[in-house]
Amino acid sequence: MSLVRDILTVLSVTAGAFFFLAGTVGLLRFPDTLTRLHALTKADNLGLGLVVLGLALQTSSGPAVLKLAVVWLLALFSGATVAQLIAQRARDDRLRE
Amino acid sequence: MTIGLLLDFFLVILALAAGWWTIGAKDSFGAAVAFVAYGLVLALIWVRIAAPDVALTEAAIGSGLTGGMLIAASTRLESARQATRAGSVTRRLAIALSALVAAAPALAVLGLPDPPPSLATAAMAALPSTGLGNPVTGVLLAYRAVDTLLEKVVLILALLGTWSLAPDRLWGGLPGRKERRNAASPLTLLGQVLPPIGIVIGLHILWVGADEPGGAFQGGTILAAMGMLAVMAGLVDVPATSRRWLRLLVVAGPGLFLIVGLAGFVIAGGFLAYPAGFAKPLILVVEVVLTLSVAAILLLLLAGPPEREPPR
């Protein structure tokens, strides 16, 4: 049972790390603010979610799983808000030009 | 073990790169952003050397709060058109001084005998008499309480220094500009939803500080950040700095700490000594009031000197 759990953790965290890598490559290579944001939010949301999922499999304590989930949800929420704020600013700057 | 070593190596390279980026950044805003990243890498390094209390403080204050202040300062300088890149001589001097500051403790650490002298066993042995479970909180509020007390007094002095930057007619006025509230802005949503969660987390970190990593400073910083978020979203305004209750809140924590410390002379035979059996409750009360004071002071430090006329 613990072997299955370990394998699932490795798969999940690796997949999460892949999304972070893809998001970082997008951040570096995409041409403008909006597309870069698009790449970044995928990394934050999916990447962190998969890492959290993988870590949650390693603990049997309920509060620890809950804390991990809260970390992910808070990152989702603030990430989404900040992405909106940056996108608004980028749009305003573009309209002003 | 080798994977851990590889990770440490990678973190050190990352910290050095972030430090270099901070000094070499083209403008002050870039340098402030780099400084925040540097602080987060440092926090990870503290976690790696099993110092989660320091890591929390570094992330909250070293990176978050100081970063916020530096970014605010750099936008202010830019809007005043005073932002100029420091000359190459100044820059070189800054690099040399930074290296010197880093080299001195590095030399001290490398010069330690093996095994290095340590008070860890003594600290752990006396911990039960304080009723605490976290040795770091024991050091901060029992063994070396005087350091913590002075640290809080320094915070008040820093706030007085910030307020003193205001011209005479604005003394006691409201800090910063009034932020406009915009119901359609995502910031409004964040400012409404996050503070209730953040307040719970801040109080949780204060509460667990007795037995686990956390405490007054980290909890207070989170509370201050939540307040700042509501201010930035225009949901609430910073109170006028002349308000009596606000000033009382600022000095309440250090003041109570000082009173408890002086009472120690009478009831426990020494400055900042706790009577046997009452250490834990006293520490808890001091920590709760300190947290509120720290939150108020940090929020006011972030808000800056008064820029609007005091209310009549």
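Here the structure is a predicted model, which is why all the values come from computation and not from measurement. Letters go in sequence order (proteins before strands), and every chain restarts at 1.
Proximity to chain A at a heavy-atom threshold of 4.5 Å picks out B:I197, B:I201, B:H204 from residues 195-232 of chain B, in numerical order. Contact residues of residues 67-94 of chain A toward chain B are A:K67, A:L74, A:F77, A:S78, A:T81, A:Q84, A:L85, A:Q88 (heavy-atom distance under 4.5 Å). Close approach to chain B, defined as a heavy atom under 4.5 Å from one of its heavy atoms, is seen in no residue of residues 12-33 of chain A.
Every pair passing salt bridge (Lys or Arg N to Asp or Glu O under 4.0 Å) that includes a residue from residues 219-238 of chain B is listed here, sequence neighbours excluded: B:D237-B:R308.
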